[in-house]
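Report on one structure; see the data block that follows.
Numbering of residues begins at 1 and proceeds along the displayed sequence.
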Amino acid sequence: MLKKLHTPIGLVFTTLFLDKLGENIVYPLLPFILAAYKPDALTLGLVASVGTLCAVLTGPIAGALSDALGRRPVILICIAINLISLLMFGWAGSLAMVFTSRALNGVGSSTMGTLQAYITDISTPENRAKNLGVSGAAFGLGAIAGPALGGGLVGLGASVPIFVAAALSGYNLLSASMLLRESLPVAERQAPRWSALNIVAPVLHLVTRPGINRISLAFAAFNLSFSAFTSLLVLALKDQFGWNPGQTSGLFVVVGVTLTYVQVALIAKAVKRWGEWEVNRYGMGLVALGVLTIPAAQILGPWAASMVVFGGVLLATGAAFVIPTARSLVSGMVNQRNQGVTLGSLASLTGIASAAGPVAAGWLYDQSSLTSFAFEAGACLLGMVLLGRAPGAHPLASESSAS
């Protein structure tokens with residue numbers, strides 16, 4: 001088993017897994033750690049958003065540098081930055097250090113595109129899709145293992161799970177430094193294309209292009225809602241139900257298991273029965289319903305915890321429906337040579353929405369928690385409206401003829 005983890009694909013899997021694990025260890029602990037500095041929801045939203053925004057801004061830079069310098073140095077630097085961010089977070093003695101650590105975590109997480117490029121470099125056409133599935137598996141397992149580890153260790157101290165995650169990241173850096181080989185030959189490297197760092201123009205093109213803009217804006221609305229809700233969920237559970245870090249970590253485990261199961265076992269059947277467009281719309285409806293279970297649970301007394309868990313299952317199921325179908329729908333509306341720029345623009349758009357969501361919802365939560373939940377559910381319902389019904393004709397045909 002250890003030998004498999006030391007193969008190139010195994011090392012990429014480990015890097016992605018530990019990155020997601022560290023992120024999901026931190027989220028359930030954030031409100032409890034911030035309570036010592038500034039416990040309001042807006043601060044929590046800002047802390048949650050700063051990492052996402054830094055990842056959006058530095059992702060194109062990491063990709064450009066990996067094309068010029070090779071994949072290995074960029075991957076190693078990003079692992080090291082993630083290690084530093086976890087150590088800073090564990091030792092944080094001020095709100096400024098908390099913000100800095102989360103910003104660094106965002107910079108370290110910007111290696112996602114480089115890791116996927118590494119997988120493409122070492123894959124053949126026959127096994128490329130299978131190898132790229134490593135990223136989804138790593139993210140799914142990290143989303144489960146992070147809260148589980150955090151919940152199991154938090155009784156020893158709030159910072160203990162963070163330092164354990166840092167130790168695992170240190171192991172990852174050491175093994176990758178020793179075993180990860182460069183995948184991009186010197187002859188195939190190219191000078192950085194700094195024009196690729198302009199994320200504004202391609203995003204504007206995406207949201208103004210008829211047909212594809214409906215899906216893109218709907219997916220952005222979903223990401224705004226989903227990031228806002230997941231960022232503030234732990235604070236809501238702490239404030240309104242008195243949940244501790246172990247309980248909230250357990251809920252994140254339920255969400256992670258559900259998300260993984262639906263993606264593996266149910267999504268293909270759902271798409272076959274209803275089609276990608278309708279599955280996407282149903283998914284956003286389920287997320288909106290999941291969001292509203294939290295304020296509804298407040299009136300259920302002893303049944304509140306069961307209602308919260310049920311809401312988590314609805315949310316995870318909806319997200320598992322929306323995320324893959326949205327990307328697939330966008331990919332299916334452009335020809336092959338435009339796939340990279342289109343999906344990259346979509347990632348930038350949804351990243352900006354994911355950064356904006358927690359800040360807006362956090363400010364609203366400080367005014368009224370019910371207003372914040374209504375905003376999050378409303379954003380998902382807006383996504384359903386923006387998406388609308390599936391068009392009768394496939395836009396790819398018209399694009400191909402115009403090209």
Full working for side chain to side chain contact (heavy atoms under 4.5 Å, CB included) between V164 and L153 = CA-CA 9 Å; V164 170; L153 295 175; 3.6 Å; yes
Side chain to side chain contact (heavy atoms under 4.5 Å, CB included) between V98 and V47, intermediate numbers included | CA-CA 8 Å; V98 171; V47 170; 4.0 Å; yes
Please walk me through it: do L141 and T260 pass side chain to side chain contact (heavy atoms under 4.5 Å, CB included)?
-> CA-CA 8 Å; L141 289 173; T260 303; 5.9 Å; no
Candidate pair W243 and V308, rule side chain to side chain contact (heavy atoms under 4.5 Å, CB included), full reasoning | CA-CA 11 Å; W243 283 29; V308 169; 3.8 Å; yes
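The structure places OG1 of T100 at 5.0 Å from CE of M88, a figure rounded to the nearest 0.5 Å. Between atom CG of residue L29 and atom OG of residue S249 there is a gap of 6.0 Å, rounded to the nearest 0.5 Å. We find the CG-CG distance between L30 and L235 to be 10.5 Å, quoted to the nearest 0.5 Å. Within the model, atoms OG of S348 and CG of L57 stand 9.0 Å from one another, a figure rounded to the nearest 0.5 Å. Atom-to-atom distance recorded for S66:OG and R72:CZ is 14.5 Å, nearest 0.5 angstrom. The OH atom of Y365 lies 11.5 Å from the OG1 atom of T371; values are rounded to the nearest 0.5 Å.
In this view, V50 and C54, F99, R102, A103 satisfy the side-chain contact (heavy atoms from CB on, under 4.5 Å) rule, not counting sequence neighbours. Scored by the ring-ring contact (aromatic ring centres under 6.0 Å, His included) test, F89 finds no partners at all (sequence neighbours excluded). The side-chain contact (heavy atoms from CB on, under 4.5 Å) search around I81 returns I77, L104, V107, not counting sequence neighbours. Residues forming a ring-ring contact (aromatic ring centres under 6.0 Å, His included) with Y282 (at least two apart in sequence, or on another chain): W274. When the ring-ring contact (aromatic ring centres under 6.0 Å, His included) test is applied to F163, the partners found at least two apart in sequence or on another chain are W91.
Between the D366 side chain and the A41 main chain, a donor and an acceptor come within less than 3.5 Å of each other. Panel note: side chain T350, backbone A347; a donor-acceptor pair is recorded below 3.5 Å. Judged purely by atom type and a 3.5 angstrom limit, S94 uses its side chain to pair as donor or acceptor with the backbone of M97. Between the side chain of S49 and the backbone N or O of L46 there is no donor-acceptor pair closer than 3.5 Å. Between the side chain of Q367 and the main chain of L364, no donor-acceptor pair closer than 3.5 Å is present. Looking at N24, its side chain does come within 3.5 Å of a backbone N or O of K20 through a donor-acceptor pair. In this structure, S169 contributes its side chain and A165 its backbone to no donor-acceptor pair below 3.5 Å.
Side-chain contact annotation: D40 with T43, donor-acceptor N/O pair under 3.5 Å present. Looking only at atom types and distance, the side chain of E276 has a donor-acceptor partner in the side chain of S328 under 3.5 Å away. S372 and E376 are linked by a side-chain donor-acceptor pair at a separation below 3.5 angstrom, with hydrogens and angles left out of the test. With no hydrogens or angles considered, no side-chain donor-acceptor pair links T114 and R71 at under 3.5 Å. Inspection of the T325 and N280 side chains reveals an N or O donor paired with an N or O acceptor under 3.5 Å. Using modelled atom types, one finds a donor on one side chain and an acceptor on the other under 3.5 Å when comparing D19 with S109.
Closest heavy-atom contact between P73 and L69: CG-O, 3.7 Å. For the residue pair P358 and A48, the shortest heavy atom distance occurs at CB-CB, 4.3 Å. Summarising the geometry of F252 relative to T230, their closest heavy-atom pair is CZ-O, 4.1 Å, with the distance given to 0.1 Å. The minimum heavy-atom distance between L232 and G362, with the atom names listed, is CD1-N, 3.5 Å. Of all the heavy atoms in L44 and P31, the pair that sits closest is CD2-CG, 4.1 Å. Residues L184 and D67 share a closest heavy-atom pair of CD2-O, 3.7 Å.
Counting only heavy atoms from C-beta outward, the side chains of L251 and L233 approach each other to under 4.5 Å. A 4.5 Å side-chain heavy-atom check between L387 and M284 finds at least one atom pair inside the cut-off.
Around the CZ atom of F32, the shell of radius 6.0 Å holds more than 12 heavy atoms that belong to other residues, nucleotides or ligands. The environment of OH in Y261 is sparse: at most 12 heavy-atom neighbours from other residues, nucleotides or ligands sit within 6.0 Å.
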Atom pairs and distances, side-chain donor-acceptor, residues 287-304, under 3.5 Å, sequence neighbours left out:
{"unit_1": "T293", "atom_1": "OG1", "unit_2": "G290", "atom_2": "O", "d": "2.5"}
{"unit_1": "Q298", "atom_1": "NE2", "unit_2": "Q240", "atom_2": "OE1", "d": "2.5"}

